[in-house]
Each structure stands twice: as structure tokens, then as C-alpha cells.
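Since the structure comes first, as C-alpha cells, the remarks are kept for the end.
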Protein chains: 2
Amino acid sequence: MHALAHEAPLTRSVEDYLKVIYHLSSQGGFAATSDIAAMLDLAPPSVSGMVKRLSEAGLIEHVPYRGVQLTAQGRRAALRMIRRHRVLETYLTQQLGYDWDGVHAEAERMEHAVSDDLIERMAGALGDPRYDPHGEPIPTAALEIEEAELVRLSEAAVGQALELREVATQDPARLRYLAEQGLTPGAQLVVTDRQPFNGPTTVQLRGSSAARVVGQELARLLLCRPGGGDGDARA
Amino acid sequence: MHALAHEAPLTRSVEDYLKVIYHLSSQGGFAATSDIAAMLDLAPPSVSGMVKRLSEAGLIEHVPYRGVQLTAQGRRAALRMIRRHRVLETYLTQQLGYDWDGVHAEAERMEHAVSDDLIERMAGALGDPRYDPHGEPIPTAALEIEEAELVRLSEAAVGQALELREVATQDPARLRYLAEQGLTPGAQLVVTDRQPFNGPTTVQLRGSSAARVVGQELARLLLCRPGGGDGDARA
DNA sequence: GTCGGATATTAGGATACCCTAAGCCAGCAG
DNA sequence: CTGCTGGCTTAGGGTATCCTAATATCCGAC
Ligand SMILES: [Mn+2]
Ligand SMILES: [Mn+2]
Ligand SMILES: [Mn+2]
Ligand SMILES: [Mn+2]
């Protein structure tokens, strides 16, 4: 396969860039310089500079003034980091009592410092979990990742029954609020109302008598699987 | 106490320098540039440069051409890193099945990437251990460290009964060999012979009929407490 | 089809580390 | 008390990453 192998290990910066590019280009398109910069909280010229290094390293493909995409090699590196991040989040939550709103920051640093061996030991101790605490799928050790067809709660039809699968934010304040509302992965919902002009969505939560009114900003973060009739337990 | 506080977080390099300086100057003296360089596998001029930065940051005191010592602030930072390192080694060994010969490298990287919160959670999960897998004392959360009076096996008198307390190396090959020989912290020994001219020390291990012949290089690494009559279990 | 603004890149500079080569100094040998 | 020499520091560079300011490009509005 690989000819000379033994590329230098990636730096922390590079690893974070690759993860961000993965997320920004996962819908098939290009990741724009300014979007990468915003996600990493950097100035756009810093990104231009790194883009040059990453494409020289064969990790991304750069189309000037359009954006970047991962090469196969870059995608592998990104998925490896995503596995690390999500295994760490799951381990810290299940074994060390972290809350789902505080675990991201810890994993964001640790993901660059641990060995593959440690990640596999953690995954093993957890029984090879398939989802992290936010419901995001954990790539396998072979770097395959589940691609689920999920709908945003903000776009689900009124009357629709749903199972909440993923909460797509890492902001601690939002996560804390959602947990208080019982809106965590696995929750069974029925959409009972939606107000116009980007208004709130109202849902009925199974196992709770009270309704929940969710503004569009949060409803966009709640990724659901249609037809959540019976609670199927997720790993 | 501190006036403006909020010093920038220390870098990984700085943290490793401080740990090394702590170890080199723990016997009260100065840590020499060339010794620091050797421990960190760096060229001496690199150390001179870092020494300048560290003393400007108030972490060390530098006497040109003599060496450096930690300030109170530097000592605190060093002990914090040592606590992190040793808690991590203990956690990885006890909770994730690491061997005592492989755990050092993992902890050496992780110690810079985890939060104080995580360290305290790990320590709590272990019941606040006092010693790491090599028998080294773990500083408390308040950064107090036990100073034990230990003798090297290479210097113990023939006939002396000893308890092995610390194995002062992190070399995996030496650690593996010593473990095979049953020479791990807690072992009860009696010195039965020493050959002259830096020759080997022979010990009888309680609970084992065979004697162990230990060359000086290894015997110097085995730090013992005299009078190991009854096995007192260490945390 | 041209213009202007948004977006991207290039230019130029800073910081943190590391290196090799060259120069300096303290203390011991005599 | 004088030099030698090993250890230390300074000089001069290199890489990686970030920044701000200036410039270039693209594209939709007109
Ligand atoms: Mn996360
Ligand atoms: Mn990260
Ligand atoms: Mn260690
Ligand atoms: Mn370290």
C-alpha cells in the first residue's frame, strides 16, 4: 500500500483543522476558508497559511477562492480524531461522572495526547459504544461511520412521532438547558404544534405530561429519527 | 496574595522543564544546564534559551554558569505536574490494564492535556492513592509530597532486611525484567551477599525460595526502607 | 458588461521552540 | 598564579503557528 509511510505525526493544530474541515464538507461540498476560521476562532489568513501546508502534505485538496476538501488520507485522519473525541467523551461521562455539557472541552484537548492503544482500551471497557453522550455516532476502529437520515426538529411535520437521536451542539449552557427539559438522545417525541415565521415547535414528551416549547434555534439542533414508536435502546 | 494573577497557561515544554528541574534539584542543589539537556534530550543551547524565559517568568532562579533552582511558584507548578503524572499512571494501571512498564509514556503526554478536575476525579475513583505503580509518592491535591528516607539496594548492608518501596526508572525493558524477578514495590527482601568492585547484590525474596542476584546498575534503582519485617500494605 | 463588496490570499511580523557553530568563563592542574 | 578545558552562553537560523494590513479575486447587482 503506502510507499514510504512514516509521515511525521500530525500536530494538534493540524488535527483540529482536519476535524473542522470534515464537518464543514461532510455534506459533499467545499469547506470555505472563512467558515474554517470561524469554527477554529482564527483569522482567515491563518487558515490560508495552514491550507497551503495541509495540501502540500496531501491531506486536503485546495481550490483557490472556493475552499477545500479532504483527501482520502485527510479523511482517515479526521475520522480517527472523531473516534478519539467521541470515545473520550463517552468514557469520561460513563466512567468518571462527567456531565454531557462539560465533557467536550476535556475531550478536545485529550484527543491529541492519548495513544490509539488507550482509546481502544477505553472503548473496550465500555463495550465498544456506538454513540457518544450527544448521540453522535462513533466511528469504528476501522474508521467506518454510521450515516443516519435524521430530520431537525425544526423541520419535522406537526403530528409526527420522533425519536431524538442527536443533539448537535457542544455549548454547555444549551446542553444543560436541554437536559433539564428532558431533551436528550433517546427521548420519544410527538410534534404537537409549530408557529409560523421561524416560530417555536411544541412537542409532547413520552413519559412526561407537560409539553415542551422549543424555539427554532434549539429545535434546529435536535436531530430526530421519524417514527419513534417504541423506545429502542441505543448502545 | 497574587496581584494580577492569570498568568498564561504553561506550555508543554515549560511543564516538562519544570518537572526535570524539580527532580535534578530535589537534593537541594542546582540543576545544571547540561543535565537538564540530557534529561530532555535537547541540546544545551536550547536549555539556555528556555532558562532565560523561565526565569523571566519567575518560575526559576538562574545563577549563570552554576545552574537553576525552582522558585516557590515553579516548585508548585512542578509538583502539580508530578501529581498529574502519577495519578494518571496509577489510574491507567488500575482501571485500564496498563503494565507498569508502558504507562509512563502515556502519562508523559496526557499530563499536559487534562484538567485538574479530571485528575481529581481519577484520584477520587482510586480512593486517593498515595503511591504510583513504581512506588513513587503522589503529591496531595494541596501539593504536599512525602519525603521518605530510602536506601538504594546497592548500598544496603549484607544481612539487612528491607522492604522495596520505589523502583526509580521508567525504562520499559528494565521494568519488565524487574517485575519478572518479583522486584516490585512492597517486596520483602534480605540482603544475603554483595560482591566487591561494584559487584552484584544478592537478595532473598520473602515468599520465594530462589535468591535474586542484582547487578549494581539495577540495584541502584531499587529504593528500600530498612527493616521490612511485616508486610505493611501500601495504598 | 462593469462595479463594488464580500471573500480569499499574499505580505510582513511576532512568538515559542529547537538546532549548530562560535565565543566565554570558572576552576583545576601545574 | 596562569593557562586549559569542559560546561555554558550567545549568535544566527529554521519551523510551525498565529496576527494585521494590503492586495487580489470572484460574483451578483445593476
Ligand atoms: Mn464533542
Ligand atoms: Mn482538539
Ligand atoms: Mn512516570
Ligand atoms: Mn510530559
Side-chain angles (χ1 to χ4, degrees), chain A residues 6-21 24-25 29-70 73-74 77-78 81 108-109 111-113, chain B residues 6-21 24-25 29-70 73-74 77-78 81 108-109 111-113:
Chain A
H6 282 294
E7 299 93 16
L10 304 181
T11 66
R12 187 196 158 137
S13 282
V14 166
E15 288 173 340
D16 280 336
Y17 270 92
L18 293 176
K19 275 202 313 179
V20 160
I21 293 167
L24 288 173
S25 61
F30 285 81
T33 298
S34 55
D35 291 342
I36 299 170
M39 295 267 279
L40 290 170
D41 199 22
L42 297 173
S46 304
V47 174
S48 284
M50 179 62 92
V51 156
K52 192 172 176 193
R53 288 192 293 275
L54 293 179
S55 60
E56 278 162 5
L59 292 161
I60 63 175
E61 206 71 52
H62 181 210
V63 181
Y65 293 97
R66 302 241 322 157
V68 301
Q69 280 182 318
L70 296 172
Q73 186 196 345
M81 294 313 295
E108 194 59 53
R109 282 176 283 103
E111 64 190 0
H112 312 288
Chain B
H6 282 293
E7 298 94 12
L10 304 180
T11 65
R12 184 195 161 141
S13 281
V14 166
E15 289 174 339
D16 280 337
Y17 270 92
L18 293 176
K19 277 202 312 179
V20 160
I21 293 168
L24 288 173
S25 60
F30 286 81
T33 299
S34 56
D35 290 343
I36 299 170
M39 294 267 279
L40 291 170
D41 199 22
L42 297 174
S46 304
V47 174
S48 283
M50 179 63 91
V51 157
K52 192 174 176 192
R53 286 192 294 275
L54 294 179
S55 58
E56 278 162 4
L59 293 162
I60 63 174
E61 207 69 53
H62 181 209
V63 181
Y65 291 99
R66 303 238 325 154
V68 301
Q69 280 183 318
L70 295 174
Q73 186 196 346
M81 295 313 295
E108 194 59 53
R109 281 175 283 104
E111 63 190 0
H112 312 288

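Below, chains carry the letters A, B, ... as their sequence lines are ordered, and counting in each starts from 1. Just so you know, these numbers come straight off a predicted model, no measurement behind them.
Shown here are the side-chain contact (heavy atoms from CB on, under 4.5 Å) partners of T11(B), two or more places apart in sequence or in another chain: S13(B), V14(B). Residues meeting the salt bridge (Lys or Arg N to Asp or Glu O under 4.0 Å) test with R109(A), sequence neighbours left out: E106(A). Partners of P44(A) by side-chain contact (heavy atoms from CB on, under 4.5 Å), not counting sequence neighbours, listed by chain and number: T33(A), A37(A). Here R66(B) pairs with F30(B), V63(B) under the side-chain contact (heavy atoms from CB on, under 4.5 Å) rule; sequence neighbours left out. Considering only residues two or more places apart in sequence or on other chains, D35(B) meets the side chain to side chain donor-acceptor pair (under 3.5 Å) condition with none of them. With sequence neighbours excluded, the residues forming a side chain to side chain donor-acceptor pair (under 3.5 Å) with E108(A) are K19(A), H104(A), listed by chain and number.
Taking both residues in full, the closest heavy atoms of Q69(A) and G29(A) are given as NE2-O, 3.2 Å, listed atom of the first, atom of the second, then distance. A pairwise comparison of heavy atoms in A31(A) and L24(A) identifies CB-CB, 3.7 Å as the closest pair. Looking at every heavy atom in both residues, L10(A) comes nearest to A77(A) through CD1-CB, 3.9 Å.
By the 4.5 Å heavy-atom criterion applied to side chains, Y17(B) and V51(B) are not counted as neighbours. Side-chain contact between L54(B) and V68(B) is absent, with no heavy atoms from C-beta onward closer than 4.5 Å.
In this structure, CD1 on I21(A) lies 4.5 Å from CD1 on I60(A), to the nearest 0.5 angstrom. Rounding to the nearest 0.5 angstrom, the gap separating the CG atom in D16(B) from the CD1 atom in I36(B) is 12.5 Å. Summarising the geometry, atom CE belonging to M81(B) is positioned 3.5 Å from atom CD belonging to E15(B); distances are rounded to the nearest 0.5 Å. Atom CG in L42(B) sits 11.5 Å away from atom OG in S48(B) (nearest 0.5 Å).
Near DNA chain C, meaning a heavy atom under 4.0 Å away, the residues from residues 59-69 of chain A are H62(A), P64(A), Y65(A). Looking at residues 34-49 of chain B, you'll see S34(B), P44(B), P45(B), S48(B) sit with a heavy atom under 4.0 Å from some atom of DNA chain D. Of the residues in residues 9-21 of chain B, not one places a heavy atom less than 4.0 Å from an atom of DNA chain D.
Note that the two end axes of the helix from dG1(C)-dC30(D) to dG30(C)-dC1(D) enclose an angle of 10°, each drawn from 5 base pairs, rounded to 10 degrees.
For DNA chain D, the outermost nucleotides in 5' to 3' order that have an atom under 4.0 Å from a heavy atom of chain A are dT17(D) to dC26(D). Taking the 5' to 3' direction, DNA chain C first and last meets chain B under 4.0 angstrom from a heavy atom at dC17(C) to dC25(C).
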